[in-house]
2 protein chains.
Amino acid sequence: MRGSGFRNDIGGEQVKCAHDELPYRIGDKWTAHVLRGLQDGRRRFTELRAGMPVVTPKVLTETLRAMERDGTVTRTEYDENPPRVEYELTEQGHKLLGLLDLCCEWARENLVET
Amino acid sequence: MRGSGFRNDIGGEQVKCAHDELPYRIGDKWTAHVLRGLQDGRRRFTELRAGMPVVTPKVLTETLRAMERDGTVTRTEYDENPPRVEYELTEQGHKLLGLLDLCCEWARENLVET
DNA sequence: CCGCATCCTTTAGGATACTG
DNA sequence: CAGTATCCTAAAGGATGCGG
């Protein structure tokens with residue numbers, strides 16, 4: 001899938017990108033939901049999934065793996081049976097969540113109702 | 001294409017979205033480039049296009065039309081021959097550009113070099 | 001010059017089924 | 001429970017050519 005992340009240059013600044021042109025992958029379909037789902041603390045895979053619109057485990061896993069690579073979430077695996085895995089936002093993840101809030105605020109204030 | 005914009009609900013907040021989950025369409029491939037290209041003032045279609053990576057006129061037009069509908073750019077058509085059209089950021093567009101800057105800043109500070 | 005029409009490719013994301 | 005493995009669909013985006 002998107003994997004390693006690309007290099008790009010918007011306005012002369014080198015940034016790491018999701019789909020080439022936008023800094024980071026907030027633009028994809030599920031990252032924002034993960035940020036929201038983890039804003040109040042660590043959650044298990046199933047908890048997280050239950051707290052958002054219907055998404056297949058495959059896609060949610062891909063999203064989480066990408067966010068882990070990018071350093072916005074951590075993944076903790078417990079050696080139990082049945083298995084247990086918990087995800088948590090990193091400091092950077094929380095900062096990104098703050099940006100998401102700003103975007104939502106902008107949208108509310110500036111986009112007219114259709 | 002994407003057209004009218006969708007309603008969505010992230011963290012209990014209603015926002016207008018591009019691809020359903022993210023407030024607004026910054027997440028697409030060309031909006032960020034348009035914001036950068038117009039940050040210093042009005043530009044003609046060809047000027048704008050020349051100042052960014054290779055994009056077909058069709059796709060750039062679609063992007064501009066969408067941004068126009070959303071109120072982030074204005075389109076001014078002059079009755080000349082050959083035709084001349086100029087695009088300019090609105091107040092809202094400039095605010096959005098500010099958010100883009102924050103995202104770039106976040107990316108630079110928080111994403112490790114691969 | 002500023003597009004629009006048409007056709008085509010790529011890929012994010014979804015459906016379904018199955019394991020350690 | 002927490003995922004993989006396969007296959008498939010939809011839609012964003014690209015290539016090319018024409019027109020006012």
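Quantities reported herein were computed from a predicted structural model and do not represent experimental measurements. Reminder, nothing fancy here: chain letters follow the sequence lines and each chain counts from 1.
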When you check the phosphate oxygens OP1 and OP2 of C/dG3, does a side-chain N or O of B/Thr61 lie under 4.0 Å from one of them?
-> no
Rounded distance (Å) that lies between atom C1' of D/dG20 and atom CG of B/Asn81 | 9 Å
With distance as the sole test, does B/Thr72 use its side chain to make a donor-acceptor pair with the main-chain N or O of B/Met67 at under 3.5 Å?
-> yes
Rounded to whole Å, the OH-C1' distance (B/Tyr78 to C/dG3) equals 18 Å
Would you indicate what A/Tyr87 reaches in the nucleic acid, counting non-hydrogen atoms under 4.0 angstrom: base, sugar-phosphate, or nothing?
-> sugar-phosphate
In B/S/- notation, 5' to 3', how is nucleotides 14-20 of chain C contacted by protein heavy atoms closer than 4.0 Å?
-> BB----B
Starting at atom CG of B/Asp79, determine the distance to atom P of C/dG3, rounded to an integer number of angstrom.
-> 14 Å
A/Arg42 and A/Glu88: which non-hydrogen atoms are nearest, and at how many Å?
-> NH1-OE1, 2.7 Å
B/Leu64 CG to C/dC4 C1': how many Å, rounded?
-> 14 Å
Atom of A/Gly37, atom of A/Arg43 and distance for their closest heavy-atom approach = O-CG, 3.7 Å
Nearest-Å distance for atom pair CG/P, residues A/Asp28 and C/dA12 = 10 Å
Return the value, rounded to whole Å, for the distance between atom CG of A/Leu60 and atom P of D/dC1.
-> 15 Å
A/Arg65 side-chain N/O to D/dT4 phosphate OP1/OP2 under 4.0 Å | yes
B/Glu109: what forms a salt bridge (charged side-chain N to carboxylate O under 4.0 Å, His left out) with it, not counting sequence neighbours?
-> none
Between D/dC1 (P) and A/Arg44 (CZ): distance, integer Å = 8 Å
When every non-hydrogen atom of B/Met52 is compared with those of B/Trp30, the smallest separation belongs to SD-CE3, 4.0 Å
Mind calculating the distance between CD (A/Glu47) and C1' (D/dG3) to the nearest angstrom?
-> 16 Å
Minimal heavy-atom distance between B/Arg44 and B/Pro83, with the atoms involved, is NH2-O, 3.5 Å
Hey, does the side chain of B/Arg75 come within less than 4.0 Å of C/dG3's phosphate (OP1/OP2), counting only N and O?
-> yes
Results of salt bridge (charged side-chain N to carboxylate O under 4.0 Å, His left out) for B/Arg65 - residues two or more places apart only = none
Would you indicate what B/Arg49 reaches in the nucleic acid, counting non-hydrogen atoms under 4.0 angstrom: base, sugar-phosphate, or nothing?
-> nothing
